Amino acid sequence: MTIFHILDQTAQKVPVFRASASQLASLSLGVASLLVPDHAFAFVPLDGYFIASQACEVFVSKKKKTNPGNVRVEPSRAYELLGRNKEHGEFYQIRMPDAPVADMRWVATSCGIHVVEPDTTVVNEPLDEPLEPIVVGNESSDNLLALSWQPAFCELKPNKAECRELNDGERPIAETQLSIHGLWAQPRGKVYCNVSAAMRQLDVRKQWAKLPELALSAGTRGKLRVLMPGTSSFLQRHEWIKHGTCHMGEGGAEEYYADTIAITDNINQSAVGQFLAKNVGENVSTQTIRDQFNSAFGKGTGDRVQFHCEGDGNRVLLLGLKINLKGLIDERAELNTLLLAASKTSLGCPEGIIDPAGLQ
């Protein structure tokens with residue numbers, strides 16, 4: 001007797017249950033509720049990595065705060081990200097290799113950042129080359145500072161890691177002040193100074209997560225995390241490789257970003273920064289912003305600032321500023337002197353909305 005005959009005979013002895021479509025639907029929901037725990041419906045799967053910013057505990061149970069092995073994440077290390085406990089939840093679920101009891105652990109979202117999975121395109125050239133440039137020539141004394149209005153940028157690039165953070169309310173400072181894009185040595189085209197072909201290839205392909213980590217002090221790294229939201233997408237590595245290597249300061253990346261942070265702080269804390277913060281949501285004349293530069297740093301300084309605007313389909317948004325600077329940037333440099341020594345530039349766009357955070 002074959003197995004098919006056995007199954008056939010068995011089936012004849014089993015009473016047949018016939019159900020309506022509504023009964024079947026109810027039964028399916030009931031079975032699903034038994035098989036799937038409540039929290040599973042809230043869990044939000046995520047792709048990419050969790051980059052720790054501090055040494056936080058990781059829990060097997062986020063509710064009971066159980067942590068077998070007293071395991072902690074390591075600052076600046078990337079961990080495979082599995083998801084978030086719920087939309088806008090307070091915990092990420094990550095994979096902790098070699099953690100005792102369970103390698104799937106919960107970590108507070110405030111402990112680090114979510115970055116997208118880097119491109120996996122293979123570069124055949126070796127990448128174990130020094131990060132610091134070979135200093136040949138004098139430190140750049142002709143520079144352009146590019147600053148962004150992050151909420152406007154995030155209207156156009158909402159899927160960027162830093163934009164998800166901003167639109168989730170995780171970057172409140174970037175909602176009301178200018179953010180760093182980069183400090184660019186001039187003339188235009190002065191880029192990739194003493195950078196290997198392999199690193200340049202990675203940068204051009206936007207595989208910024210694969211670029212070497214920068215040699216920055218904890219203080220500079222922390223300030224950059226606040227003033228440069230693009231660090232969530234490794235923008236700081238890109239800007240250093242492409243532009244910072246041509247800055248030629250003996251202090252390398254540390255000096256380059258310390259200079260950039262100092263100037264940006266000066267602008268944000270001035271009448272310029274106060275004006276932008278007070279006019280969030282308003283359509284403003286860019287000449288009015290130039291006037292704020294004149295008020296804060298001296299007559300004529302506003303003529304060194306150009307504005308970039310872009311439409312989002314319904315509105316024209318103020319996207320960023322490009323500021324001409326001439327002279328060595330160090331702790332003794334005065335911003336008004338750097339501005340007045342630089343060349344004047346065209347106004348750029350005449351007006352734009354200072355966009356509030358969140359998708360409009």
Side-chain angles (χ1 to χ4, degrees), residues 138-150 173-174 176-188 190 216-217 219-220 222-230 235-236 239-240 243-244 246-279 284-308 318-349 354:
N138 298 321
E139 182 176 340
S140 175
S141 60
D142 187 1
N143 299 286
L144 186 150
L145 176 65
L147 299 177
S148 299
W149 189 256
Q150 196 68 19
I173 293 177
T176 58
Q177 69 173 36
L178 292 162
S179 297
I180 294 170
H181 182 170
L183 181 65
W184 305 339
Q186 298 299 293
R188 184 179 178 181
K190 189 176 180 181
L216 300 176
S217 66
T220 297
K223 290 178 182 177
L224 203 59
R225 163 77 180 143
V226 173
L227 287 175
M228 191 181 203
L235 177 64
Q236 78 280 19
E239 288 296 320
W240 166 248
H243 300 286
C246 298
H247 192 60
M248 297 299 179
E250 293 183 359
E254 173 70 22
E255 180 181 345
Y256 172 68
Y257 277 118
D259 290 346
T260 307
I261 289 167
I263 297 172
T264 305
D265 270 340
N266 200 335
I267 294 172
N268 277 327
Q269 294 167 14
S270 73
V272 177
Q274 294 169 18
F275 175 83
L276 294 173
K278 289 178 181 177
N279 285 276
V284 302
S285 158
T286 51
Q287 181 57 54
T288 304
I289 304 177
R290 271 191 168 184
D291 293 341
Q292 298 302 316
F293 272 89
N294 293 333
S295 174
F297 304 110
K299 184 178 179 179
T301 55
D303 294 334
R304 279 71 181 173
V305 183
Q306 185 180 76
F307 301 89
H308 175 49
L318 175 64
L319 197 61
L321 288 65
K322 293 181 178 178
I323 305 167
N324 289 344
L325 303 168
K326 190 67 176 287
L328 291 178
I329 303 172
D330 57 27
E331 65 277 1
R332 296 167 295 180
E334 297 289 341
L335 184 51
N336 63 327
T337 302
L338 295 172
L339 285 164
L340 290 173
S343 301
K344 294 181 180 180
T345 185
S346 61
L347 179 65
C349 57
I354 302 176

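The shown structure was predicted, so the numbers you read here are calculated from the model rather than taken from an experiment. Here, residue 1 is the first one in the sequence, and each next residue gets the next number.
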(Q) According to side chain to side chain contact (heavy atoms under 4.5 Å, CB included), who are the partners of Ser285, at least two apart in sequence or on a separate chain? (A) Gln287, Thr288
**Q.** Note, Leu224 side chain near Thr260 side chain (heavy atom, < 4.5 Å)
**A.** no
Sequence neighbours left out, cut at 3.5 Å: what donor-acceptor pairs do the side chains of residues 269-278 make with other protein atoms?
{"residue": "Ser270", "atom": "OG", "partner": "Ile267", "partner atom": "O", "Å": "2.7"}
{"residue": "Ser270", "atom": "OG", "partner": "Val272", "partner atom": "N", "Å": "3.1"}

**Q.** Side chain to side chain, Thr286 and Cys349, heavy atoms closer than 4.5 Å
**A.** yes
Side chains of residues 340-347: which donor-acceptor partners sit under 3.5 Å, not counting sequence neighbours?
{"residue": "Thr345", "atom": "OG1", "partner": "Gln306", "partner atom": "NE2", "Å": "3.4"}
{"residue": "Ser346", "atom": "OG", "partner": "Gln306", "partner atom": "NE2", "Å": "2.7"}

**Q.** Residue pairs, two or more places apart or on separate chains, that pass side chain to side chain donor-acceptor pair (under 3.5 Å) and touch residues 323-339
**A.** Asp330-Arg332
Q) Of the non-hydrogen atoms in Met228 and Ile180, which two are nearest, and what is the gap between them? A) CG-O, 3.5 Å
Q.
Are the side chains of Leu147 and His181 in contact, using a 4.5 Å heavy-atom criterion?
A. no
Q.
Nearest 0.5 angstrom please: Asp265 CG to Leu227 CG, how far?
A. 5.0 Å
Q: Taking all heavy atoms of Ala333 and all of Leu328, pick out the closest pair and write down the distance.
A: CB-O, 3.5 Å
(Q) By the salt bridge (Lys or Arg N to Asp or Glu O under 4.0 Å) test, which pairs, at least two apart or in different chains, include something from residues 295-306? (A) Arg290-Asp303
Q) Do Ile289 and Leu318 come within less than 4.5 Å of each other through their side chains, counting heavy atoms only? A) yes
Q) Where is the tightest heavy-atom contact between Gly298 and Thr301, given as atom of each residue plus distance? A) O-OG1, 2.7 Å
Q.
What I'd like to find out is whether the side chain of Leu338 reaches to under 4.5 Å of the side chain of Asn143, using heavy atoms alone.
A. no
Q) Does Lys190 NZ have over 12 foreign heavy atoms under 6.0 Å away? A) yes
**Q.** Exercise: do Glu254 and Ser217 side chains pair donor with acceptor under 3.5 Å
**A.** yes
Q) What is the minimum heavy-atom distance between Met248 and Asn138, and which atoms define it? A) CB-O, 3.5 Å
Q: Find out whether Glu139 and Glu250 are in side-chain contact, i.e. whether some heavy atom of one side chain is under 4.5 Å from a heavy atom of the other.
A: no
Q. Within a strict 4.5 Å, meaning less than it, do heavy atoms of the Trp184 and Asp142 side chains meet?
A. no
Q. How far apart are the closest heavy atoms of Tyr256 and Glu239, and which atoms are they?
A. OH-O, 3.9 Å
Q. Quick one: ring-ring contact (aromatic ring centres under 6.0 Å, His included) pairs with a partner in residues 319-339, sequence neighbours left out?
A. none
